[in-house]
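Here is the naming used below: chain letters follow the sequence lines, and residue numbers restart at 1 for every chain. Computed from a predicted model, the values in this text were never measured in an experiment.
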Amino acid sequence: DTAVSQTPKYLVTQMGNDKSIKCEQNLGHDTMYWYKQDSKKFLKIMFSYNNKELIINETVPNRFSPKSPDKAHLNLHINSLELGDSAVYFCASSQVLGGGGYTFGSGTRLTVV
Amino acid sequence: GENVEQHPSTLSVQEGDSAVIKCTYSDSASNYFPWYKQELGKGPQLIIDIRSNVGEKKDQRIAVTLNKTAKHFSLHITETQPEDSAVYFCAASRANAGNMLTFGGGTRLMVKP
């Protein structure tokens with residue numbers, strides 16, 4: 001059983017399109033996150049949800065909108081995709097907000113052409 | 001906010017040698033310090049962590065040390081093997097609500113057979 005699963009694994013799309021990435025965790029964790037990893041491997045927090053409530057919203061363009069229908073799911077919708085959005089996006093979850101180890105998904109490689 | 005710096009950015013060792021990766025953090029209130037290993041095409045995986053009430057922790061060939069006064073912590077891998085080759089990330093956080101893991105920039109470790 002995959003603990004944190006993301007779909008799709010690869011996403012290639014044209015500039016200006018709207019796309020979504022889905023994330024689900026079956027660990028019973030209360031908190032979920034989205035991280036962006038750029039080409040230099042730097043991991044940057046984008047959003048965090050605790051029990052379906054937005055906790056952290058870093059300086060991310062408002063073209064990115066997270067949605068958490070329940071505490072096991074945190075989806076990421078991106079409007080009007082730009083070339084600079086190309087990166088690997090990781091979903092993660094933890095039992096306690098910031099206080100324990102994260103479990104990461106395997107990532108979604110987004111390529112905007 | 002927290003700032004975590006990690007060195008070196010790349011590290012090449014011969015199989016059987018030891019590898020050391022160092023991180024410094026800026027927030028003296030940080031009290032949780034995990035290390036993650038990211039293999040090619042996968043998400044980061046927690047390999048070891050340490051809390052601020054402990055100075056050292058070992059798990060087989062991996063050890064982490066923490067110097068709270070100097071605000072730095074290190075990962076030590078002994079008897080390196082080719083399968084240790086990966087990107088390693090350190091991180092820091094306060095273990096209470098509203099604080100995220102802040103990651104270092106990563107170290108690409110290459111173990112030559």
Heavy-atom neighbours of Q81(B) CD exceed 12 at 6.0 Å: yes
Indicate if L46(B) and V4(A) have the same hydrophobic cluster label, given that clusters are the connected sets of ILVMFWY residues with side-chain heavy-atom separations under 4.5 angstrom. no
Verify the cluster assignment for V113(A) and V88(A): are they in a single hydrophobic cluster under the rule of side-chain heavy atoms below 4.5 Å apart? no
Taking Y102(A) for the side chain and L101(B) for the main chain, is one N or O donor matched with an acceptor at less than 3.5 Å? yes
Against chain B, label Q37(A) side chain, backbone, both or neither, depending on which of its atoms sit under 4.5 Å from a heavy atom there. side chain
Heavy atoms under 4.5 Å from chain B: which residues of residues 63-71 of chain A carry them? none
Any side-chain heavy-atom pair from F42(A) and F103(B) closer than 4.5 angstrom? no
Rounded to the nearest 0.5 Å, the CD atom of E39(B) sits from the OG atom of S106(A) at a distance of 13.0 Å
Same cluster or not: are V12(A) and L76(A) linked, directly or through other Ile, Leu, Val, Met, Phe, Trp or Tyr residues, by side-chain heavy atoms under 4.5 angstrom apart? no
E53(A), CD atom: more than 12 neighbouring heavy atoms under 6.0 Å: no
Say you draw a straight line from CD of Q45(B) to OG1 of T103(A); how long is it, rounded to the nearest 0.5 Å? 9.0 Å
Looking at Q14(A), I want to see if its CD is surrounded by more than 12 non-hydrogen atoms of other residues, nucleotides or ligands under 6.0 Å. no
Say you draw a straight line from CZ of F104(A) to NZ of K42(B); how long is it, rounded to the nearest 0.5 Å? 15.5 Å
Using heavy-atom distances under 4.5 Å, tell me whether I45(A) contacts chain B through its side chain, its backbone, both, or neither. side chain
Honestly, the part of K9(A) sitting under 4.5 Å from a heavy atom of chain B is side chain
Neighbour count >12 (heavy atoms, 6.0 Å) for atom CE, M15(A): no
Hydrophobic cluster identity match, L83(A) and I21(A), side-chain contacts under 4.5 Å: yes
So do K41(A) and F89(B) actually touch side chain to side chain, heavy atoms under 4.5 Å? yes
Connected-component partners of L75(B) among ILVMFWY, side-chain separation under 4.5 Å: V4(B), L11(B), V13(B), I21(B), Y25(B), F33(B), W35(B), I47(B), I48(B), I50(B), V54(B), I62(B), V64(B), L66(B), F73(B), I77(B), Y88(B), L109(B), V111(B)
Does L40(B) CG have over 12 foreign heavy atoms under 6.0 Å away? no
